Amino acid sequence: MRGTDEASGSLFSYVDLEERIPARHPLRKIRQVVNDALASLDADFEALYTDFGRPSIPPERLIRASLLQILFSVRSERQLMEQMNYNLMFRWFVGLGIDDPVWVPTVFSKNRDRLLTTEMSRKVMAAILGHREVAPLLSDEHFSVDGTLVKAWASIKSFQPKAEASPPDDDGPGDPPAPNTAPETKPSDNPAETDQMPRNSRHHRNAEVDFKGEKRSNASHGSRTDPDARLYKKSPGTGAMLCFIGHALMENRNGLIVQGDLTQADGHAERRAALDMVHRHSPGSTRRLTLGADKGYDAGGFVSDLRKACVTPHVAQKSRYSAIDGRTARHDGYAQSQKHRKKIEEAFGWAKTVGGMAQTVYRGVERVRSRFILTMAANNLARLPRLLGA
């Protein structure tokens with residue numbers, strides 16, 4: 001018998017959101033770990049808010065929504081709010097009821113900027129890694145470090161000389177007229193009928209720019225869109241771009257990221273960030289650790305600093321003038337570290353293809369850093385259901 005195609009909307013629903021999510025859905029284990037981690041941060045959240053005034057978005061829901069945005073590659077807060085309006089799984093994960101209103105996108109963005117600082121993102125990552133089910137997965141002896149370029153939210157056209165004034169195309173509404181434009185004539189008190197209407201002499205804001213033959217460097221030029229971005233290329237033969245450098249410290253047992261950082265791009269940023277992350281993860285440790293890295297970290301000063309910090313530098317050797325001698329490279333552990341260190345590229349690849357870090361949509365090194373660390377935490381969450389057998 002053929003069924004009838006009749007649209008009869010129900011006024012009430014008696015099915016709970018919890019029952020609509022499949023029992024073996026990966027988000028169930030992720031949500032459990034996130035809820036336990038956020039519960040351990042209750043004292044930190046309490047210290048950030050006052051006991052009077054208008055209630056803000058609950059920090060637990062805001063962090064869950066931000067993690068959900070990264071996990072499902074939602075490109076903007078406006079689209080995230082739209083998804084949460086009709087996607088029952090999104091509502092269930094964040095903690096909204098089926099009749100609860102979603103937030104205004106601009107209100108969500110303002111609350112997110114106030115809450116998700118670099119320090120809070122690091123606390124969220126540490127709370128997830130300190131979970132009772134996650135902590136046994138981590139190695140406390142063997143680590144790897146690497147860096148990746150994160151393209152800034154700035155056009156190469158915004159990279160202009162620092163000393164010069166704004167070009168005519170970027171004049172604001174209150175700026176004086178450019179030198180090559182004629183000043184506007186003051187209209188007479190009694191304009192004649194034959195007077196022509198004044199024409200706008202400004203050029204298009206996205207005009208073509210020819211950089212051929214012009215020498216540009218970070219010392220003499222800067223981006224007007226994002227002053228923290230730097231023109232940089234990581235390897236010979238590739239084009240330079242306005243970017244930041246994201247850094248990650250990975251444990252070698254299961255390839256989970258235990259520390260993240262993001263800095264301005266320069267030739268020494270990776271080695272400085274590696275030392276900072278090692279000291280932040282194991283402050284004052286007297287236990288012998290190993291740190292695997294590529295040839296970019298093969299520098300005498302960096303290797304010497306690692307040895308002073310009780311860390312064995314399992315760094316890939318350069319063909320000439322390597323700081324790693326046979327005393328380190330002859331052991332089997334060195335070969336194992338060189339094998340496992342390449343897993344860190346999987347985290348960077350996930351962050352760029354899924355987490356939206358191929359080109360950040362935020363400006364300023366602080367905001368980009370906090371987002372990068374939260375993306376590394378989301379990468380760990382995405383791998384937990386399989387590692388925990390959920």
Side-chain angles (χ1 to χ4, degrees), residues 17-18 27-72 74 76-78 80-81 83-85 89-135 138 256-262 277 280-281 283 355-356 361-362 364-382 384:
L17 285 178
E18 188 73 24
L27 275 184
R28 283 193 174 274
K29 176 57 67 176
I30 294 176
R31 188 173 186 265
Q32 173 194 341
V33 173
V34 171
N35 287 346
D36 293 342
L38 295 179
S40 66
L41 297 175
D42 184 69
D44 297 279
F45 295 146
E46 193 68 27
L48 294 176
Y49 296 89
T50 61
D51 54 355
F52 60 90
R54 180 183 301 177
S56 66
I57 299 176
E60 297 86 355
R61 293 185 178 182
L62 194 148
I63 292 177
R64 289 194 207 104
S66 298
L67 290 172
L68 200 64
Q69 181 182 4
I70 298 172
L71 290 170
F72 285 87
V74 183
S76 66
E77 284 80 9
R78 188 170 298 277
L80 178 64
M81 296 302 106
Q83 287 272 349
M84 288 177 57
N85 198 29
M89 185 177 66
F90 279 30
R91 284 179 170 269
W92 165 81
F93 186 88
V94 173
L96 292 176
I98 196 170
D99 294 324
D100 292 339
V102 298
W103 307 292
V104 178
T106 53
V107 174
F108 180 86
S109 299
K110 291 291 185 182
N111 282 261
R112 179 210 62 210
D113 290 341
R114 286 194 292 264
L115 174 67
L116 286 177
T117 59
T118 298
E119 182 181 1
M120 181 55 64
S121 296
R122 285 174 177 160
K123 288 181 179 180
V124 172
M125 173 182 279
I128 293 173
L129 295 175
H131 191 269
R132 61 182 180 276
E133 296 184 45
V134 181
L138 306 178
L256 296 176
I257 306 299
V258 295
Q259 286 290 330
D261 202 354
L262 184 134
M277 290 188 294
R280 192 183 306 121
H281 184 69
V361 296
Y362 303 97
V365 66
E366 262 316 300
R367 296 180 66 190
V368 182
R369 180 188 293 127
S370 63
R371 189 65 174 190
F372 181 82
I373 297 174
L374 193 66
T375 303
M376 292 292 102
N379 170 71
N380 293 338
L381 290 172
L384 286 183

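Given the structure is predicted, the values throughout are model-derived calculations rather than measurements.
For the atom pair CG of Leu381 and OG1 of Thr375, the computed distance is 11.5 Å after rounding to the nearest 0.5 Å. Going from atom CE of Met89 over to atom CZ of Phe72 covers 3.5 Å, rounded to the nearest 0.5 Å. Atoms CG and CG, from Leu384 and Leu129 in turn, are 8.5 Å apart once rounded to the nearest 0.5 Å. In this structure, Gln32 CD and Asp36 CG are separated by 5.5 Å, a value rounded to the nearest 0.5 Å. Between the CH2 atom of Trp92 and the CG atom of Leu68 there is a distance of 10.0 Å, given to the nearest 0.5 Å. Taken to the nearest 0.5 Å, the CG atom of Leu38 stands 10.5 Å off from the CZ atom of Arg31.
For the pair Asp100 and Arg91, the salt-bridge criterion is not met [side-chain N within less than 4.0 Å of a carboxylate O]. Between Arg122 and Asp261, at least one side-chain N (NZ, or NE/NH1/NH2) sits under 4.0 Å from a carboxylate O, which counts as a salt bridge. A salt bridge is defined here as a Lys NZ or Arg NE, NH1 or NH2 lying under 4.0 Å from an Asp or Glu carboxylate O, and Glu119 with Lys123 meets this definition. In this structure, Arg369 pairs ionically with Glu366, as a charged nitrogen and a carboxylate oxygen lie closer than 4.0 Å. Residues Lys110 and Glu77 are not paired through a salt bridge, judged by the lack of any N-O separation under 4.0 Å between the basic side chain and the carboxylate.
Of all non-hydrogen atoms in Arg64 and Val34, the two that sit nearest each other are CG-CG1, 4.0 Å. A pairwise comparison of heavy atoms in Arg280 and Gly260 identifies NH1-O, 4.1 Å as the closest pair. A pairwise comparison of heavy atoms in Leu71 and Ala378 identifies CD2-O, 3.6 Å as the closest pair. Heavy atoms only, all atoms of each residue included: Met84 and Ala65 are closest at SD-CB, 4.4 Å. For the residue pair Phe45 and Met120, the shortest heavy atom distance occurs at CE2-SD, 3.7 Å. Considering every non-hydrogen atom in both Ser370 and Thr118, the closest pair reads CB-N, 3.7 Å.
The backbone N or O of Val361 lies less than 3.5 Å from no partner atom in the side chain of Arg371, so there is not a single donor-acceptor pair. Using a distance-only test at 3.5 Å, with no hydrogens or angles considered, no donor-acceptor pair links the side chain of Asn85 to the main chain of Met81. Side chain of Arg61 to backbone of Gly95: a donor-acceptor contact under 3.5 angstrom is found. Without hydrogens or angle criteria, Asn380 side chain to Leu256 main chain gives no donor-acceptor distance under 3.5 Å.
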Requested in this report: Evaluate side chain to side chain contact (heavy atoms under 4.5 Å, CB included) for Ile30 paired with Leu27, printing each intermediate quantity in order.
Outcome: CA-CA 5 Å; Ile30 294 176; Leu27 275 184; 4.2 Å; yes
**Report entry** Leu80 vs Phe108, side chain to side chain contact (heavy atoms under 4.5 Å, CB included): CA-CA, chis, key distance, verdict
**Finding:** CA-CA 10 Å; Leu80 178 64; Phe108 180 86; 4.1 Å; yes
**Report entry** Pair Leu262-Ile373, side chain to side chain contact (heavy atoms under 4.5 Å, CB included): steps then yes or no
**Finding:** CA-CA 8 Å; Leu262 184 134; Ile373 297 174; over 6 Å; no
Query raised in the report: Under the side chain to side chain contact (heavy atoms under 4.5 Å, CB included) criterion, do Phe90 and Val102 qualify, and how do the steps go?
Result: CA-CA 11 Å; Phe90 279 30; Val102 298; over 6 Å; no
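Val33 is not listed as a side-chain neighbour of Glu133, based on a closest heavy-atom distance of 4.5 Å or more. Between Leu41 and Glu60, the closest side-chain pair of non-hydrogen atoms is not below 4.5 Å. With contacts defined as side-chain heavy-atom distances shorter than 4.5 Å, the pair Leu374/Ser66 qualifies.
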